[in-house]
Amino acid sequence: MKQLARIRLHFPLTAVYAEAGLAHSIRRSLNLILLGNLFGGMFGVICGGGTTAMVGLANELHAGDFAFGVINGIPQIATLLQIPFSILVSRTHKRKRYIMTYGLFSRFLWLLFGLIPLIVPTRPEWLQIWTLIFLLGISSCCAAFIQVCWFPWFSDLSPVRIRGRWFSFRDTLSAVCNLALGLLTARLLDTLPVNIKYVIVFGLGGLVGMADMICFGFCEETYTTNAERLHFREIMGEIVRNRSFLRFAVMWTAWCFTANLCDPYLGRYSMNEMGLNFTQMTVFGTVAASVGTLFVMRKWGHMLDQYGGRSVMMMAALAGSLCNLFYLFSSPGSIWPVLLRNLIGAACWCGSNLAANSLQLTMSPEKSKASYIAFFSCVTCLLGSALGSLTGGAILEGMHTMGLFTGSFDRYKALVVFSTILRFATVLVFVPRLDNDMQDTTKLHVPNILLKIPKKKVR
């Protein structure tokens, strides 16, 4: 018993929960959300537009650059449903029911993706790829309930002063889990026969995705505000008048657009043009990114709790915007550009994502938080991620049609340069205009923070 007590005492979030004075039931629910997020992260390793498994399946179904852009864009377009869903959630206060029905069904559909090459006819040629797109569309529409339920749910349970450390601990654990599952997935994709490997891999992805939803079924459903009959016009008017929130939404939309202009195609480029196999892509992609995250995530969390989201965003996004430039030195068979891009890039991107999560929560008022989060997701995903991905695919196919950049400096490298310039400019133009979410803290000076983290207690 003493040994068990000692283990519990050293659980990293125990002291954080004690500092916030959280009740046992709230701590248990936050830990269940943490577990669900870990399963959700592993789900994303397999079941996402730019994953090695999806790249391999898209290649197997003979998807072109534009079709691949559509695959990446569909989940983002489906976020349009988050606005009406958020109003429904605010009226009914039934987050758990929606996650355990629509969310669970969304993840279940991924069990079918690997069956497409086996059961869908190859004639006409477009039938298989459009079957994939159809299933992805249905799954993405149902998944729109997930974001508007879990994010406000977490916000109602967790005080603002512990969120940076909670998110950093979650992302650190997630990096370890994603690393292990990524290696297993790559091994399966490289060694199993073509006719069954996608069945097994996407079956595994669907199962961990369903486990994510099931964890929420055991959480305490807590609301800080009463159920309210919100109206679309009123909510939109309130959001438009919230200048701080709008500035952040514009900044993150521009960032998502410039990132997705290029990023979804780098994995495909690494496999098709550079010749990397699934294991190499995982080791120098997922594993390298996990290692980069593990080394810095805790520091980002402490910086966030002490200096605020704007300061962390400026530092992390400036450095992260340059990391795709490593691909300019790529050649067939080379691995180090992929390694450096993912190792250094993930160390920066995890900081900017952490800051974005914090700013999104603190800039959304409690009574209409779900609607604010839905609006934010819709704008950033549709005009940012989806439009960026589709634009990138159209640019690549346009350059191919016109015969541009056919030498060693190919069309993918040209897109890397273009998107990097836009990303760097986005940070310099928009981030300084943001309101910080820690106004009463010491201002972060980049030269000082590069040296060490001040050992000042977070109050």
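Computation of the quantities below employed the complete heavy-atom set of this structure, encompassing side-chain atoms and omitting hydrogens, waters and symmetry-equivalent molecules. Starting from 1, each residue takes its place in the sequence as its number.
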Using the side-chain contact (heavy atoms from CB on, under 4.5 Å) rule, pick out the option among [options] that qualifies with [X].
X	options	answer
Lys94	Arg91, Lys96, Arg97	Arg97
Cys141	Ile77, Leu136, Leu81	Leu81
Leu57	Ile129, Leu132, Leu189, Val201	Leu132

Is there a donor-acceptor pair closer than 3.5 Å between any side-chain N or O of [X] and the backbone N or O of [Y]?
X	Y	answer
Arg170	Leu35	no
Ser358	Ala355	no
Ser139	Leu135	no
Tyr265	Gly393	yes
Thr185	Leu181	yes
Ser140	Gly137	no
Arg433	Val429	yes
Thr52	Phe278	no
Ser334	Ser330	no
Glu273	Pro332	no

[Y] and [X], any side-chain heavy atoms less than 4.5 Å apart:
X	Y	answer
Leu88	Tyr98	yes
Ile373	Ser86	no
Ile138	Phe105	yes
Glu221	Ser29	no
Met54	Cys47	no
Leu192	Ile200	yes
Leu354	Met297	yes
Leu261	Phe418	yes

Minimal non-hydrogen separation, [X] against [Y], with atom names:
X	Y	value
Val45	Gly182	CG1-CA, 4.0 Å
Phe257	Leu383	CD1-O, 3.8 Å
Trp252	Ser352	CH2-O, 3.8 Å
Ser174	Gly41	OG-CA, 4.2 Å
Met251	Thr426	O-CG2, 4.0 Å
Val312	Gly351	CG1-O, 3.5 Å

Discussion item. Quick check with a 6.0 Å cut-off and a 45 degree axis cone: is Arg423 positioned over the face of Trp255's six-membered ring?
Written reply: yes

Practice prompt. List the steps and the verdict of side chain to side chain contact (heavy atoms under 4.5 Å, CB included) for Phe409 and Val417.
Written response: CA-CA 11 Å; Phe409 187 79; Val417 172; 4.1 Å; yes

Do [X] and [Y] meet the criterion of a side-chain donor-acceptor pair at a distance under 3.5 Å?
X	Y	value
Arg411	Thr406	no
Thr258	Ser419	no
Thr279	Asp190	yes
Arg268	Asn59	yes
Asp263	Asn324	yes

Spacing of [X] atom [atom1] and [Y] atom [atom2] [to the nearest 0.5 Å]:
X	Y	atom1	atom2	result
Leu390	Ser385	CG	OG	10.5 Å
Lys413	Phe329	NZ	CZ	9.0 Å
Trp110	Met210	CH2	CE	14.5 Å
Leu204	Leu184	CG	CG	6.5 Å
Ile421	Leu322	CD1	CG	11.0 Å
Cys378	Phe85	SG	CZ	10.0 Å

Counting only heavy atoms from other residues, nucleotides and ligands, does the tally under 6.0 Å from [atom1] of [X] exceed 12?
X	atom1	result
Phe169	CZ	yes
Phe134	CZ	no
Trp126	CH2	no

Are [X] and [Y], when compared by the centres of their aromatic rings, separated by less than 6.0 Å?
X	Y	result
Phe405	Tyr412	no
Phe245	Tyr372	yes
Phe154	Trp166	yes
Trp153	Phe216	yes

Worksheet entry | side chain to side chain donor-acceptor pair (under 3.5 Å) between Arg187 and Thr282, worked out | CA-CA 9 Å; Arg187 184 64 177 170; Thr282 300; over 6 Å; no

Discussion item. Using the rule given for side chain to side chain contact (heavy atoms under 4.5 Å, CB included), can you reason through Leu328 versus Val416, listing the C-alpha separation, both sets of side-chain angles and the distance that settles it, and then say yes or no?
Written reply: CA-CA 8 Å; Leu328 297 182; Val416 164; 4.3 Å; yes

Fill in: Stepwise salt bridge (Lys or Arg N to Asp or Glu O under 4.0 Å) check, Asp171 with Arg298
CA-CA 9 Å; Asp171 291 349; Arg298 186 179 178 185; over 6 Å; no

Item to complete: Quick one: do Val283 and Ile335 satisfy side chain to side chain contact (heavy atoms under 4.5 Å, CB included)? Show the steps, please.
Response: CA-CA 10 Å; Val283 171; Ile335 58 175; over 6 Å; no

Practice prompt. List the steps and the verdict of salt bridge (Lys or Arg N to Asp or Glu O under 4.0 Å) for Asp435 and Arg247.
Written response: CA-CA 9 Å; Asp435 291 337; Arg247 282 194 294 268; 3.2 Å; yes

